There are 2 protein chains.
Amino acid sequence: MPGGRPRSFDADTALDRALEVFWRHGYEGTSLTDLTAAMGINKPSLYAAFGNKEELFAKVLARYLDGPGAYSAEALDAPTCREVLERLVHGAVDLTAGQNTPHGCLCVTSVHARGPDAHAVRQDAVAARKAGEAALRRRLEQAADLPSRYEPAALAALVHTICDGIAVQAAAGRGHDELRQIGDLALRALLD
Amino acid sequence: MPGGRPRSFDADTALDRALEVFWRHGYEGTSLTDLTAAMGINKPSLYAAFGNKEELFAKVLARYLDGPGAYSAEALDAPTCREVLERLVHGAVDLTAGQNTPHGCLCVTSVHARGPDAHAVRQDAVAARKAGEAALRRRLEQAADLPSRYEPAALAALVHTICDGIAVQAAAGRGHDELRQIGDLALRALLD
DNA sequence: CAAGTTTTTTACCTATCGGTACGTTACCTC
DNA sequence: GAGGTAACGTACCGATAGGTAAAAAACTTG
């Protein structure tokens, strides 16, 4: 029964192109023209495949979270508390100051999209951030080796705050190696 | 010789209104209509008094830095190293999660304005951030009580990173009291 | 009061924004 | 091959973006 002209582009690679653009220029700094140019499709194709700009961004954010941002969940599988935090901090540095990717974190830049049309987008980013922190808190609650001076919730919040700071620094132009040193210093202060 | 119609508004209070709007909605999320409405003047008056949107923002940023942001420079006058860092961190919490001001830091949100028309604005913000960190580094270099495990430059960078993280958390909706606890935990980890 | 100066107001400019109507093209099924 | 279906390209929509031209209004100086 179905038929119809087949799609001339791959939806996943198109999403990856959109991710690159949103990541580099932010939600508000990205126009539909930027998107269609990068994705290699026209506006009607974009709308048919992904909905409007907001919905496209939601799909892009999801792809970001379980692509480049997947380290954040995977870090929780590390055996020791120290290793979990190391992987989170080092992962944040690598993600936000990578060589072949835009600088900064999509989830952090999107929190700062505060124009009238960016409400939904900001909410999406805030929700993703809350989920990530809650996961870390649960991991720390069940840790046998958490230093006794820390409450899980408080440490989880602080670690996420430090990772946010790293993302800001990366977005402001600080390079990977310098950020790595900052991260290591933070880890030492927290755990030694 | 000079004469002319007198200005019907006060330039400084108009700047304060513009600051409130830019702070709340970001550079890219703020339109000239938003600005003129908040400032109580029309566009031609705005252009005559402050130049274009970019120049207005630069003036607003300067006003922000030595108004709400002045704590950052004043903190350096504290007698002890610990007190300097305390005042910086607590100041960041109060600034970014204040009751009567928008949440977040203008300087941090502006780093995330990455659209095509926001180049100059982003550069302004980055420059202000660099200056602030350099001032802290110099203060720590001349400190007699800097814990020996720290290099001044590295600690300055880390403290500013933590303050950036606090600003992000505030922009994402975390409240003042929670942020204060996060800041105190960071201070304890750094200095105890 | 007249001349000169500066601000204010209104109305408008072009470019671009996100989003869509519509006719054409390419495919599958019969 | 004919008919149905879905994506394609083009050309367009109203709204709004940042920015400005020009005349009316309010002041100072002579």
Side-chain angles (χ1 to χ4, degrees), chain A residues 1-15 17-19 21-22 24-61 110 113-124, chain B residues 1-15 17-18 21-22 24-61 110 113-122 124:
Chain A
M1 216 82 88
R5 181 169 177 170
R7 189 174 267 162
S8 68
F9 62 93
D10 178 65
D12 283 335
T13 64
L15 270 185
R17 301 286 167 77
L19 167 55
V21 179
F22 275 134
R24 189 175 302 279
H25 296 116
Y27 180 78
E28 290 175 323
T30 300
S31 70
L32 285 187
T33 305
D34 297 330
L35 289 167
T36 54
M39 299 166 88
I41 62 179
N42 316 70
K43 279 188 274 186
S45 298
L46 191 158
Y47 276 81
F50 305 108
N52 64 13
K53 194 186 176 189
E54 267 182 28
E55 296 175 56
L56 171 61
F57 180 87
K59 294 183 170 76
V60 160
L61 181 61
S110 302
R114 305 170 100 180
D117 301 334
H119 249 105
V121 159
R122 187 161 164 268
Q123 297 297 88
D124 290 345
Chain B
M1 214 80 88
R5 180 169 177 169
R7 187 172 272 163
S8 67
F9 61 94
D10 178 63
D12 283 335
T13 64
L15 270 186
R17 302 284 166 80
V21 178
F22 275 133
R24 188 175 302 280
H25 295 117
Y27 180 77
E28 291 174 323
T30 300
S31 71
L32 285 187
T33 305
D34 296 331
L35 288 168
T36 54
M39 299 166 87
I41 63 179
N42 319 68
K43 281 187 273 187
S45 298
L46 191 159
Y47 277 82
F50 305 108
N52 62 14
K53 194 186 174 187
E54 267 181 28
E55 295 175 58
L56 170 61
F57 180 87
K59 294 183 169 76
V60 161
L61 181 61
S110 302
R114 305 170 98 180
D117 300 335
H119 249 106
V121 159
R122 188 161 163 269
D124 291 345

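Being a predicted model, the structure only gives us computed values, none of them experimental. Throughout, protein chains are lettered first and strands after them, A, B, ... in sequence-line order, and every chain is numbered starting at 1.
Within 6.0 Å of atom CZ in B/R17, 12 or fewer heavy atoms from other residues, nucleotides or ligands are found, so the atom counts as exposed in its surroundings.
Judged by the 6.0 Å distance and 45° axis criteria, A/K53 is positioned over the aromatic ring of A/Y27.
Both A/P6 and B/T33 sit near DNA chain D, but only A/P6 has its closest nucleotide nearer the 5' end. The residue among A/R5 and B/Y27 whose nearest nucleotide of DNA chain D is located toward the 5' end is A/R5.
Atom P of nucleotide D/dA17 and atom CD of A/E28 are separated by 12 Å, given to the nearest angstrom. A straight line from CZ of A/F9 to P of D/dA6 spans 15 Å, rounded to a whole angstrom. When rounded to the nearest whole Å, the span between CG of B/D117 and P of C/dT16 equals 10 Å. Summarising the geometry, the separation between CZ on A/R7 and P on D/dT5 is reported as 19 Å, rounded to the nearest angstrom.
A donor-acceptor contact under 3.5 angstrom links the side chains of B/D34 and B/S31, judged on distance only.
Two end axes, each from the C1' atoms of five base pairs, can be drawn for the helix from C/dC1-D/dG30 to C/dC30-D/dG1; they diverge by 0°, to 10 degrees.
Rounding to the nearest 0.5 Å gives a distance of 11.0 Å between CD1 of A/I41 and OH of A/Y47.
Taking all atoms of both residues into account, the shortest heavy-atom contact from A/H25 to B/R114 is CD2-O, 3.3 Å.
With hydrogens and angles ignored, the 3.5 Å screen pairs no side-chain donor or acceptor of B/K59 with any backbone N or O of B/G51. Panel note: side chain B/N42, backbone B/P44; no donor-acceptor pair is recorded below 3.5 Å. In this structure a side-chain-to-backbone donor-acceptor pair under 3.5 Å is present from A/E28 to A/G115.
One finds a side-chain N or O of A/S8 lying less than 4.0 angstrom from the OP1 or OP2 phosphate oxygen of D/dC8.
Contacts between residues 35-57 of chain B and DNA chain D, defined by a heavy-atom separation below 4.0 Å, involve B/K43, B/P44, B/Y47, B/N52, B/K53, listed by number.
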